[in-house]
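Everything numeric here is computed off the predicted structure, so don't read it as measured data.
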Amino acid sequence: MDHHRTPMENSASSKPPTPASTPNSRLASAPSPRHSATPPHASAPASAPAPASRTVYSDRFIPSRAGSNLALFDLGPSPSPAAAAASSSSSHEAGPAASSGSAPAAASPYCALLRAALFGLDTPDRVASSAAACSSSSSSPGLSPVGTPATGNIFRFKTEVRRNAKRALFSGGEEEEDALFPGIFTTRGAGPRKVPRSPYKVLDAPALQDDFYLNLVDWSSHNVLAVGLGNCVYLWNACSSKVTKLCDLGVDDNVCSVGWAQRGTHLAVGTNQGKVQIWDATRCKRIRTMESHRMRVGALAWSSSLLSSGSRDKSILHHDIRAQEDHVSKLTGHKSEVCGLKWSYDNRQLASGGNDNRLFVWNPHSVQPVLKYTEHTAAVKAIAWSPHLHGLLASGGGTADRCIRFWNTTTNAHLSCVDTGSQVCNLAWSKNVNELVSTHGYSQNQIIVWRYPTMSKLATLTGHTYRVLYLAISPDGQTIVTGAGDETLRFWNVFPSPKSQSSDSLSCVGGTSFVRSYIR
C-alpha cells in the first residue's frame, strides 16, 4: 500500500506540520514547564534556580477576533504578485527538488478557490489585520480599533462574507456563481419543481362512465376514495387498499355524483332518477333519501351540515340533513343542466357552473345569484376556490371555450384568462403551495400542473386515452387521482408536502412503486 500513494498523500507527507496548521498550535508553542526556555546551544549555569512559577493552561479557548485565522484551515493568504514572482524565480533557481518541497500549499489554485469560497474574495490576513489594528489604535487614540462597537464588528469572528459567495458554495442556484468562480461551479437556475411524469398507481375501474356532466370520484378527509361505477358505489381505502361495496342502486338507476362531507364519515350519492342519498360509510348504511329533483343529480357540494345538489332540471337545492324537509331552499338562475358546484373554504359563497355557459356565485341566504359571469363560451364544469386568497375563484370551459379564467368575487373583477388548447374538465388548487392542476378532454386528454399567478406550466402529464373527466385530491394535498372513460383511475404525485407535516398524517399513499389493481 505504501508504494501507491496518491499525489495528495505524497504532498502531505513531504511537508511537516507547522504549529499554525494544527488546532493545538497555541498549546504547542508555549514553553514546557519541564524544559528550560534557553536555546539548546546556550547552556545554563549549574547554579541557576528553578523557575518560581509554572505555566497554567485554562480549559477555555478564546479565539482571536481581529480577523480570519486562515491557518486553522491550512489556507494562508493569497500571495501578492511580487511575492509570487520572487517565489517562482527562487524556486526555478533552486531546482525542481527544492521547489517541490518548499512551495506553500496556499499558493495552489484549489486552496485559493477554497479560501475565497469560505471567507470571501477580499478577506484580510490575520497577522496583517492584527498589525493594522494595533498601529491604528496606537497612532490614533481617539479612533476605535478593529472589533470595537464603533466599527460594528464586535461579535464577528471575521469580516463580512458576500452573500452570493455563500450561495455559490452551498446552494449552487444563483447566476453570480460563474462570475465569482468561472469554470468551477455550474450555473443552475432555480428552475421548476420536478413532477413525476408517470402515475405511481393505476386502478382498473370497470363501467366508469365517459360523461362530461357527471362527478363520480371524491376523496374523503379519512383517506377513503369513493367511486361510482355503473349503479354501484365502491370505497377504496388508500391506507390498506381495501375495497368495499357501499351500495347498489339496482338495474333501474345509475350513480351520477358522489360527495364526501367534511368530516369524512358521510357520503352523498346523486342518482339518475333525481334522488339524493346520504350514507354512513363506517357502517355502510343508508341514512335517508331525498327526492326533490325531477332529473339526474350530477353535482354535489357540502357546507357543514348543508348539502347542495345541482341537477339537470336546472335547479340547485339546499338540503339540511338535520331538518325533516327534503330541502330548505331552491336556487334558480341556470337555463341548462348544473354540472359544477363548489362551496368556498369559508362556506360563505357557492359557485355553480352550467351547460348554459354561465358561472354564478351565491351567498348562503340568496335564491338568486349575487354575481353572474358570462365570459365562457362552453359548459362550465371545472370550478375551484383558492385556499390561499379569499374570494379567488378559478373556472374552466368546455370544448368550444378551452379557457381557464380567474375571478375576484370580492371586487367582482375578471382577473385573467389562459387558453389551454383543450376542453377543461376539472380544476383543483393545492393547499400546500400556490399551484393548481387542471384535467382536460378533447383533444389532448392531458393533465397540467400550473404555478399561479404566472400560470407557467410545471408539468404536463399524459397516460389516459380518453377524456380526463374526474379529479380528486388526497387529504394531505400531495396526490391527485384522475379518472377517465378508459376505465382507469391513475394516482399522481404532483404537489409538494406541507412545510410542517405531522408524523401522524392520514395519508398512506404516495409511494414510488408502480401498482395496478382493480377497484372491484
### Message
Pair His390, Trp385 - check side-chain contact (heavy atoms from CB on, under 4.5 Å), show working.
### Response
CA-CA 8 Å; His390 174 73; Trp385 292 93; over 6 Å; no
### Message
Before you tell me yes or no, could you show the steps for Thr374 and His376 under side chain to side chain donor-acceptor pair (under 3.5 Å), namely the whole-Å CA-CA distance, both residues' side-chain angles and the distance that decides it to 0.1 Å?
### Response
CA-CA 6 Å; Thr374 60; His376 284 291; over 6 Å; no
### Task
Using the salt bridge (charged side-chain N to carboxylate O under 4.0 Å, His left out) rule, take Asp356 and Arg358 through it: C-alpha gap first, then chi angles, then the decisive distance, then the call.
CA-CA 5 Å; Asp356 55 0; Arg358 300 292 189 266; 5.5 Å; no
Using a 4.5 Å cut-off on heavy atoms from C-beta on, say whether the side chain of [Y] contacts that of [X].
X: Arg451; Y: Asn434; answer: no
X: Tyr373; Y: Thr409; answer: yes
X: Ile321; Y: Ile287; answer: no
X: Asn237; Y: Asn223; answer: no
X: Val217; Y: Val481; answer: yes
X: Ile447; Y: Thr460; answer: no
X: Ser308; Y: Trp343; answer: yes
X: Gln209; Y: Asn254; answer: yes

So, [X] side chain and [Y] main chain: donor-acceptor pair closer than 3.5 Å or not?
X: Gln273; Y: Met295; value: no
X: Lys342; Y: Ile383; value: yes
X: Ser430; Y: Leu436; value: no
X: Asp326; Y: Met290; value: no
X: Ser311; Y: Asp313; value: yes
X: Thr439; Y: Val468; value: yes
X: Asn432; Y: Pro496; value: yes
X: Asn408; Y: His414; value: no
X: Arg312; Y: Arg294; value: no
X: Asn231; Y: Asp253; value: no

### Task
With side chain to side chain donor-acceptor pair (under 3.5 Å) as the test, would you mind laying out the steps for Asn493 and Thr479 before giving the verdict?
CA-CA 5 Å; Asn493 284 321; Thr479 304; 3.1 Å; yes
### Task
From the options His319, His318, His327, select the one residue that forms a side chain to side chain donor-acceptor pair (under 3.5 Å) with Ser309.
His319
### Task
Would you sort out whether Arg490 and His464 count as a side-chain contact (heavy atoms from CB on, under 4.5 Å), showing the intermediate values?
CA-CA 8 Å; Arg490 297 172 185 264; His464 285 289; 3.3 Å; yes
Taking all heavy atoms of [X] and all of [Y], pick out the closest pair and write down the distance.
X: His266; Y: Trp260; value: O-CE3, 3.5 Å
X: Leu489; Y: Gly483; value: CD2-CA, 3.7 Å
X: His388; Y: Lys431; value: CE1-O, 3.5 Å
X: Ala226; Y: Val258; value: O-CG2, 4.0 Å
X: Gly441; Y: Ser422; value: O-CB, 4.1 Å
X: Thr488; Y: Leu208; value: O-CD2, 4.2 Å

#### Entry: Trp219 and Phe491 aromatic ring geometry - parallel, tilted or perpendicular at 30°/60° bounds
perpendicular
### Task
Measure up the Tyr452 and Phe406 rings against each other and bin them: parallel (under 30°), tilted (30 to 60°), perpendicular (over 60°).
tilted
To the nearest 0.5 angstrom, please state how far the [atom1] atom of [X] sits from the [atom2] atom of [Y].
X: Trp279; Y: Arg286; atom1: CH2; atom2: CZ; result: 5.5 Å
X: Asn347; Y: Ser304; atom1: CG; atom2: OG; result: 7.0 Å
X: Thr399; Y: His440; atom1: OG1; atom2: NE2; result: 12.0 Å
X: Leu229; Y: Leu216; atom1: CG; atom2: CG; result: 8.0 Å
X: Ser305; Y: Asp320; atom1: OG; atom2: CG; result: 4.5 Å
X: Ile448; Y: Leu427; atom1: CD1; atom2: CG; result: 10.5 Å

### Query
Would Trp492 and Thr482 count as a side chain to side chain donor-acceptor pair (under 3.5 Å) if you check the C-alpha gap in whole Å, the side-chain angles of each, and the deciding distance to 0.1 Å?
CA-CA 8 Å; Trp492 316 76; Thr482 57; 3.0 Å; yes
### Message
Do the side chains of Lys285 and Asp280 get close enough for a salt bridge, i.e. N-O under 4.0 angstrom?
### Response
no
### Task
Tell me whether the guanidinium CZ or amine NZ of Lys381 lies under 6.0 angstrom from the six-membered ring centre of Phe212 and within 45° of its axis.
yes
### No-hydrogen, no-angle side-chain donor-acceptor test under 3.5 Å, Tyr466 and Asn445
no
### Query
Any luck finding a side-chain donor-acceptor pair between Ser257 and Asn215 under 3.5 Å?
no
### Task
Evaluate the criterion salt bridge (charged side-chain N to carboxylate O under 4.0 Å, His left out) for residue pair Arg296 and Asp211; output intermediate values, then yes/no.
CA-CA 13 Å; Arg296 71 179 184 185; Asp211 193 328; 3.2 Å; yes
### Stepwise side-chain contact (heavy atoms from CB on, under 4.5 Å) test for Leu359 and Leu393
CA-CA 10 Å; Leu359 174 66; Leu393 176 64; 3.9 Å; yes
### Query
What do the steps show when you test Thr454 against Ser456 for side chain to side chain donor-acceptor pair (under 3.5 Å), and what is the final call?
CA-CA 5 Å; Thr454 60; Ser456 57; 3.2 Å; yes
### Task
Tell me, please, which residues at least two apart from Thr462 pass side-chain contact (heavy atoms from CB on, under 4.5 Å).
Gln446
### Query
Should we say atom CZ of Arg197 is surrounded by more than 12 heavy atoms from elsewhere, each under 6.0 Å from it?
yes
### Task
Give a yes or no on this: more than 12 heavy atoms of other residues, nucleotides or ligands lie within 6.0 Å of atom CZ of Arg288.
yes
### Message
Among residues at least two apart in sequence or on other chains, which ones pass ring pair (Phe, Tyr, Trp, His ring centres under 6.0 Å) with His334?
### Response
Phe360
### Candidate pair Val367 and Thr332, rule side-chain contact (heavy atoms from CB on, under 4.5 Å), full reasoning
CA-CA 7 Å; Val367 294; Thr332 57; over 6 Å; no
